[in-house]
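Keep in mind that the numbers below use all heavy atoms, side chains included, and drop hydrogens, waters and symmetry copies. Residue numbers count from 1 along this sequence.
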Amino acid sequence: NRNKLFLILDATIIMSAPPKYADLGKAARDMFKKNYDMGAVKLELKTKTESGVEFKTTGNGNISSGAVAGDLETKYKFKDYGLEVTEKWNTKGVLSSEFSIEDKIAQGFKLGAETSLLPNTRATTAVLTAAYKQDKVHINSSLNLFNGPSIAASATFAYEQFRLGYDTSYSVSGGKLTKSNVALGYVGKDFTLHTAVNDGAKVESSVHQKVNKDLSVAALIGFNTASSATSFQIGSHYTLDKGAFVKAKLDNKGQAGVSYTQSLRKGVQMTLSAGIDGKNLSTDSHHVGVSFVLSP
């Protein structure tokens with residue numbers, strides 16, 4: 001019973017860990033990226049065998065060019081050993097594999113490796129990764145063996161409702177930092193604020209608010225101190241009923257997007273989306289798209 005109590009306490013601590021650096025401000029970014037497949041016809045199929053092996057097949061067709069691309073992903077989980085193996089293949093011929101072991105070496109510690117191979121050119125990549133998360137801290141690091149080599153690291157710290165993060169990478173062959181980003185966020189009851197400064201030049205800020213149980217809104221603001229270029233986007237997500245929702249977005253360049261997602265039946269979801277060029281309404285620069293996700 002005592003051992004079970006400690007396991008429960010450890011799980012509770014990890015659940016309260018802050019997100020990794022790449023996921024800071026994710027709620028706002030997803031408002032503008034997810035459910036928008038303008039200019040494409042997309043099909044995604046997810047299945048799972050009785051033994052727990054997961055398959056994910058994706059096909060994507062470009063409406064303008066007619067080009068078709070696809071990929072296949074297979075995921076194996078060995079829960080008794082904390083081991084997860086993912087294999088991927090795409091129509092470009094790239095073969096990739098990911099291996100990870102979590103919570104076995106130490107609670108909250110994850111060790112992994114990622115490899116890829118393009119047989120036609122024999123181009124290969126190999127990356128070793130490590131992550132550690134506990135209450136108030138989430139650390140990630142990677143070592144790219146063939147590109148550079150290079151080392152990347154990021155850390156996120158939580159204090160009450162504040163989130164502070166730092167993200168960096170270092171080129172061993174070049175002997176210099178290739179990335180230096182810092183972020184600060186605040187998580188409220190129904191809203192999140194996020195600001196990041198990338199390489200001391202590009203400033204990005206976002207806000208995401210859940211207005212009520214049906215409506216969420218978000219805004220993204222960007223400013224480049226070197227070129228003085230600015231960007232601004234606003235977006236919304238409105239739930240129509242249990243199986244349907246609509247999204248809309250607009251940026252400072254007059255580009256607008258709308259999407260409608262509907263669950264046709266259990267395990268079948270359809271999304272219709274359209275992109276509108278507000279500054280060139282009389283041209284053919286507008287795009288439509290449709291996607292289906294099947295997860296029986």
Side-chain angles (χ1 to χ4, degrees), residues 19-24 26 29-30 33-34 37 39-49 51-62 65-79 81-105 109-133 138-156 167-181 198-199 291 293-295:
K20 61 183 179 181
Y21 185 91
D23 288 340
L24 292 173
K26 185 175 183 296
R29 292 194 301 273
D30 284 350
K33 292 181 179 181
K34 284 190 173 182
D37 295 300
V41 177
K42 184 178 179 181
L43 176 63
E44 183 177 295
L45 174 63
K46 301 176 183 178
T47 58
K48 187 176 182 179
T49 67
S51 60
V53 180
E54 299 176 14
F55 294 94
K56 179 180 176 182
T57 306
T58 304
N60 197 323
N62 187 295
S65 66
V68 178
D71 57 78
L72 172 65
E73 176 182 306
T74 307
K75 184 177 292 185
Y76 310 86
K77 294 182 180 180
F78 306 91
K79 295 182 179 180
Y81 304 97
L83 178 64
E84 184 173 294
V85 180
T86 303
E87 297 178 345
K88 300 178 182 179
W89 173 87
N90 63 34
T91 49
K92 294 181 179 180
V94 179
L95 304 172
S96 60
S97 300
E98 298 178 11
F99 308 86
S100 65
I101 183 169
E102 188 171 8
D103 293 335
K104 290 299 179 181
I105 300 173
F109 182 72
K110 182 178 181 180
L111 191 64
E114 303 172 5
T115 64
S116 69
L117 169 66
L118 182 57
N120 292 340
T121 62
R122 296 184 180 182
T124 59
T125 65
V127 180
L128 301 179
T129 63
Y132 180 74
K133 59 181 179 180
H138 195 156
I139 300 172
N140 288 268
S141 63
S142 65
L143 171 61
N144 193 319
L145 299 176
F146 298 151
N147 184 15
S150 61
I151 302 170
S154 66
T156 305
D167 178 38
T168 186
S169 63
Y170 178 81
S171 172
V172 176
S173 58
K176 62 179 181 179
L177 286 177
T178 56
K179 179 173 63 175
S180 180
N181 306 329
N198 301 327
D199 295 321
S291 67
V293 177
L294 311 179
S295 53

Heavy-atom closest contact ([X] atom, [Y] atom, distance):
X: Y21; Y: N181; result: OH-CB, 3.3 Å
X: H138; Y: P19; result: ND1-C, 3.6 Å
X: K92; Y: L118; result: O-CD1, 3.4 Å
X: L111; Y: T129; result: CD1-O, 3.5 Å
X: A40; Y: N60; result: CB-OD1, 3.4 Å
X: T91; Y: V68; result: OG1-O, 4.4 Å

### Query
Do NZ/NE/NH1/NH2 and the carboxylate oxygens of K46 and E44 come within less than 4.0 Å?
yes
### Query
side chain to side chain contact (heavy atoms under 4.5 Å, CB included) between V85 and F78: does it pass, once the steps are laid out?
CA-CA 8 Å; V85 180; F78 306 91; 4.2 Å; yes
### Message
Does K104 have more than 12 heavy atoms from other residues, nucleotides or ligands lying within 6.0 Å of its NZ?
### Response
yes
Does any part of the side chain of [Y], heavy atoms only, come nearer than 4.5 Å to the side chain of [X], both counted from C-beta?
X: F55; Y: L45; result: no
X: K110; Y: E84; result: no
X: K77; Y: E54; result: yes

### Task
Sort out for me which residue in D199, N198, T168 forms a side chain to side chain contact (heavy atoms under 4.5 Å, CB included) with K179.
D199
### Task
Test N90 against every option in L72, D71, L95 by the side chain to side chain contact (heavy atoms under 4.5 Å, CB included) rule and name the one that passes.
D71
Distance (rounded to the nearest 0.5 Å) between [X] [atom1] and [Y] [atom2]:
X: Y76; Y: T86; atom1: OH; atom2: OG1; value: 9.5 Å
X: S169; Y: L177; atom1: OG; atom2: CG; value: 7.0 Å
X: L128; Y: E114; atom1: CG; atom2: CD; value: 9.5 Å
X: E73; Y: T58; atom1: CD; atom2: OG1; value: 8.0 Å
X: E102; Y: L83; atom1: CD; atom2: CG; value: 11.0 Å

### Task
Output, in order, the C-alpha distance, side-chain angles, deciding distance and verdict of side chain to side chain contact (heavy atoms under 4.5 Å, CB included) for E98 and K88.
CA-CA 9 Å; E98 298 178 11; K88 300 178 182 179; 3.4 Å; yes
### Query
Would T124 and T115 satisfy side chain to side chain contact (heavy atoms under 4.5 Å, CB included), going step by step from the backbone distance to the final call?
CA-CA 7 Å; T124 59; T115 64; over 6 Å; no
### Message
My understanding is that only residues two or more places apart in sequence, or in another chain, count here; which of them pass side chain to side chain donor-acceptor pair (under 3.5 Å) with K34?
### Response
none
### Message
Suppose we screen for side chain to side chain donor-acceptor pair (under 3.5 Å). Which residues come up paired with K26, at least two apart in sequence or across chains?
### Response
D30
### Task
Step by step, work out the side chain to side chain contact (heavy atoms under 4.5 Å, CB included) result for W89 and T74.
CA-CA 9 Å; W89 173 87; T74 307; over 6 Å; no
